[in-house]
Chemist: 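First, the structure itself, so that you have it in front of you.
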Protein chains: 2
Amino acid sequence: MPDINAADRKSTASDVAKLAGVSKWTVSRAFTPKASISQHSREKVLKAADELGYKPNLLARGLSKNKSNIIGIVVDNFENPHKLMLLNEVTTQLQNKAKIAMVLNISNANSSTRVLTQADQFQVDALIFLGSFITEELIELAITIKHIPFVVVGRSTDITNLNVISTDDISAGQEIAKLLMTQGFSRFGFMSGPESQSTWLARFEGYKSYLAKSNINVEAVLKAGKYDRQRGFAVMDSYLIDHGDDHVEAIFCENDILAIGALDAIKKHGKKIAVVGFDNIELANATSFALTSYRQPLNLMVAQALKVIEDPNASSSQQLPGKLVLRNSHKNSQ
Amino acid sequence: MPDINAADRKSTASDVAKLAGVSKWTVSRAFTPKASISQHSREKVLKAADELGYKPNLLARGLSKNKSNIIGIVVDNFENPHKLMLLNEVTTQLQNKAKIAMVLNISNANSSTRVLTQADQFQVDALIFLGSFITEELIELAITIKHIPFVVVGRSTDITNLNVISTDDISAGQEIAKLLMTQGFSRFGFMSGPESQSTWLARFEGYKSYLAKSNINVEAVLKAGKYDRQRGFAVMDSYLIDHGDDHVEAIFCENDILAIGALDAIKKHGKKIAVVGFDNIELANATSFALTSYRQPLNLMVAQALKVIEDPNASSSQQLPGKLVLRNSHKNSQ
DNA sequence: ACCAATTTTGCAACCGGTTGCAAGCAGCTA
DNA sequence: TAGCTGCTTGCAACCGGTTGCAAAATTGGT
């Protein structure tokens with residue numbers, strides 16, 4: 001295969017400089033948007049660069065500019081398809097800004113320190129937590145990695161002084177309660193994931209407070225303990241075993257994964273309980289589930305998160321409104 | 001909060017050197033595993049480094065060593081939960097080797113050139129394609145990004161001279177055919193994803209050839225065109241509409257996402273058709289589907305892929321055996 | 001055609017590490 | 001104690017860019 005660049009290495013600014021008959025500094029300027037350089041030499045340089053297939057080395061640039069354009073994406077739960085939606089959004093938006101996503105997998109809890117340190121060494125400009133188990137301990141850790149701004153996406157939390165971009169969980173909870181009320185139900189339940197999450201508190205809070213306005217309280221809170229379909233199934237299964245025919249008519253599950261598990265358990269028992277999930281994962285649309293769910297405004301959330309890490313002083317938490325997606329699972333007759 | 005390192009910047013080797021009373025080169029050596037340095041000074045340096053919270057700047061190291069330890073992970077289909085399993089495996093294994101994953105999202109087809117170029121500029125050491133639509137065009141592109149070894153994971157292909165680590169799709173197809181035969185079926189179908197994939201040819205090939213031994217041929221090949229649950233549903237739905245009661249008894253779907261769609265369509269029509277999927281995604285285990293599937297040996301595949309990119313000359317393609325996971329969907333009576 | 005204002009360019013120094021070389025400094029033998 | 005060997009260490013140079021400064025070149029006004 002013919003190869004213009006015979007040497008077995010990438011060409012550098014100096015190579016281009018030689019070919020274009022200018023200094024390497026001029027080459028650098030040619031690749032700097034509003035640098036002081038004549039139109040003439042810029043063209044000359046770009047032509048030479050094109051000929052050699054030259055592209056600036058972003059590591060070197062990062063080193064001298066003290067800005068890597070690498071963003072660390074912290075992920076801890078690779079079981080939930082919802083994470084994939086988030087990852088898709090984040091990587092796309094980053095790439096459009098000429099930045100790049102470095103995925104930091106902390107699902108193996110005991111390695112999270114090591115991984116975050118590693119990210120720090122790679123000079124990530126910022127950290128974005130695509131949250132599930134964002135524990136206080138973890139935040140603490142992130143803070144000790146000084147100089148790095150970070151933001152939590154999609155997870156309400158009551159840890160103060162933290163940049164959190166999330167769905168307006170309270171309103172969402174209310175909206176869902178309202179939806180179920182209009183279906184004429186009178187006995188309500190809720191299913192939560194991990195104990196330590198303050199997210200479900202917000203969703204639950206909205207749900208509960210709306211019902212309270214009609215003097216209804218949430219009679220059953222099923223704790224799955226994890227965001228895990230199997231757990232959702234198991235906890236609903238045992239609830240139904242324990243309660244026989246004396247069960248709630250409608251249940252709001254903290255997310256779709258749990259909701260799908262719950263639906264299967266309900267189906268297994270041949271019961272009818274309305275279910276509403278959260279996240280609107282693709283599978284919610286499967287006819288087996290037809291799961292009514294709440295779509296988080298991922299694009300806005302991610303956009304906002306990027307804005308925050310770019311401008312650390314203007315940073316502030318936000319709660320953005322999402323939207324209910326109606327299917328069949330919330331109805332009283334299916 | 002008290003802060004040992006008052007200056008608002010990360011401390012460098014020079015800072016450590018000053019504190020430890022040695023030269024910055026000695027500091028560098030202290031952090032190089034088998035460097036020539038006395039036990040005494042190494043300890044002195046490490047102590048000082050610890051005090052300042054110093055960790056080597058990996059970008060700078062990458063620059064001088066001409067090795068970034070950044071691996072580009074090319075992903076193009078963020079709808080399939082299976083990708084999350086792969087990402088989990090890849091990131092974990094990379095992190096354990098002190099490498100890091102840079103996710104390159106090429107799902108927006110027209111931006112793939114730009115993204116791959118970007119990765120090149122970030123000096124990725126290698127590219128790993130977590131494949132769905134690995135087109136020839138894309139490979140071509142990857143090759144023009146010279147100097148970078150790359151490997152395709154989880155996707156058979158007949159493009160020659162390419163490092164491909166995949167499941168042994170032919171054997172898998174045979175195994176599945178065998179399984180279905182033992183259930184006593186005599187009319188068989190197959191559902192494929194994207195037209196251009198040579199993967200399904202391999203799975204199909206194994207399936208078909210095994211059936212052929214009993215003089216049975218695959219009477220229906222449903223082409224979904226995409227790896228997409230909705231498409232899987234649609235294509236099965238229209239097949240059943242077209243064929244009334246005259247349909248296949250068993251169908252092997254190229255992956256679980258398609259299989260789940262197919263199952264829903266079958267259920268909608270109140271028919272009984274055995275279904276086998278591929279990938280063994282978590283949802284295959286949901287009672288709504290109880291999908292019999294084939295588990296790819298992801299950990300081995302990824303481990304092998306990393307081996308290949310580390311040692312480009314020893315590189316070679318491999319096809320690793322996976323394992324059938326039996327549930328209910330393949331049975332003749334459910 | 002001359003001079004000041006402005007643009008363009010080259011250079012030294014730097015970002016934070018690593019590497020090859022040579023000098024420094026043991027420790028050991030004779 | 002000189003002489004040799006081998007381990008440590010400091011130094012200059014480099015990886016591939018960027019930045020501030022000052023010199024060079026261009027522009028424009030008269």
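We name chains A, B, ... by the order of the sequence lines, and we start the count at 1 in each one. Heavy-atom basis, side chains included; hydrogens, waters and symmetry copies ignored. Values in this document were obtained by computation on a predicted structure and should not be read as measured data.
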Chemist: Quick one: B:Asn57 CG to C:dT18 P, roughly how many Å, whole number?
Modeler: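 After rounding, the gap between these two atoms is 9 Å.
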
Chemist: Separation of B:Leu63 atom CG from C:dC14 atom P, in whole Å?
Modeler: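 My rounded result for the distance is 17 Å.
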
Chemist: Hey, does A:Asn66 reach any base, or is it just sugar-phosphate, or nothing, if we go heavy atoms under 4.0 Å?
Modeler: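 A:Asn66: no heavy atom of the nucleic acid under 4.0 Å.
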
Chemist: Checking A:Thr92 against B:Asn105 for the side-chain contact (heavy atoms from CB on, under 4.5 Å) test, could you report, in this order, the C-alpha distance in whole Å, the side-chain angles of both residues, the deciding distance, and whether it holds?
Modeler: CA-CA 6 Å; A:Thr92 303; B:Asn105 183 342; 3.1 Å; yes

Chemist: Rounded to whole Å, how long is the line connecting atom NZ of A:Lys24 with atom P of D:dT18?
Modeler: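 Whole-Å distance recorded here is 10 Å.
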
Chemist: Starting at CZ of A:Arg42 and ending at C1' of C:dT9, how long is that distance when rounded to a whole Å?
Modeler: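 In whole Å, C:dT9 C1' lies 14 Å from A:Arg42 CZ.
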
Chemist: Expressed in angstrom and rounded to an integer, what is the separation of B:Arg61 atom CZ from D:dG16 atom C1'?
Modeler: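 The distance from CZ of B:Arg61 to C1' of D:dG16 comes to 18 Å, rounded to the nearest Å.
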
Chemist: So, are A:Asp15 and A:Arg9 salt-bridged, with charged N and O less than 4.0 Å apart?
Modeler: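 Looking at A:Asp15 and A:Arg9, the cut-off is met.
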
Chemist: For DNA chain D, what residues of residues 26-41 of chain B have any heavy atom nearer than 4.0 Å?
Modeler: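 Of all residues in residues 26-41 of chain B, the ones placing a heavy atom under 4.0 Å from DNA chain D are B:Thr26, B:Arg29, B:Ser36, B:Ile37, B:Ser38, B:Ser41.
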
Chemist: Over how many whole Å does the gap from A:Leu52 atom CG to D:dG16 atom C1' extend?
Modeler: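 Result: 15 Å.
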
Chemist: To the nearest Å, how far apart are A:Lys65 NZ and D:dG16 P?
Modeler: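 My rounded result for the distance is 19 Å.
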
Chemist: Taking NZ from A:Lys67 and C1' from D:dT19, how many angstroms apart are they, rounded to a whole number?
Modeler: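 Going from NZ in A:Lys67 over to C1' in D:dT19 covers 17 Å.
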
Chemist: Any carboxylate oxygen within less than 4.0 angstrom of a Lys/Arg side-chain nitrogen, looking at B:Lys226 and B:Glu79?
Modeler: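 No, this pair does not count.
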
Chemist: Between B:Val27 and B:Val45, is any pair of side-chain heavy atoms under 4.5 Å apart?
Modeler: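 Yes; the side chains approach each other to less than 4.5 Å.
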
Chemist: Decide, yes or no, whether a salt bridge links A:Asp120 with B:Lys10 under the criterion of side-chain N to carboxylate O below 4.0 Å.
Modeler: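 The answer is yes: the pair qualifies as a salt bridge.
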
Chemist: Name the residue closer to the 5' end of DNA chain D, choosing between B:Ser64 and B:Trp25 according to the nucleotide with the nearest heavy atom.
Modeler: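 Closer to the 5' end of DNA chain D: B:Trp25.
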
Chemist: Considering only heavy atoms from C-beta outward, does the side chain of A:Ile70 approach that of A:Lys99 to under 4.5 Å?
Modeler: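 With C-beta onward as the side chain, the pair stays apart.
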
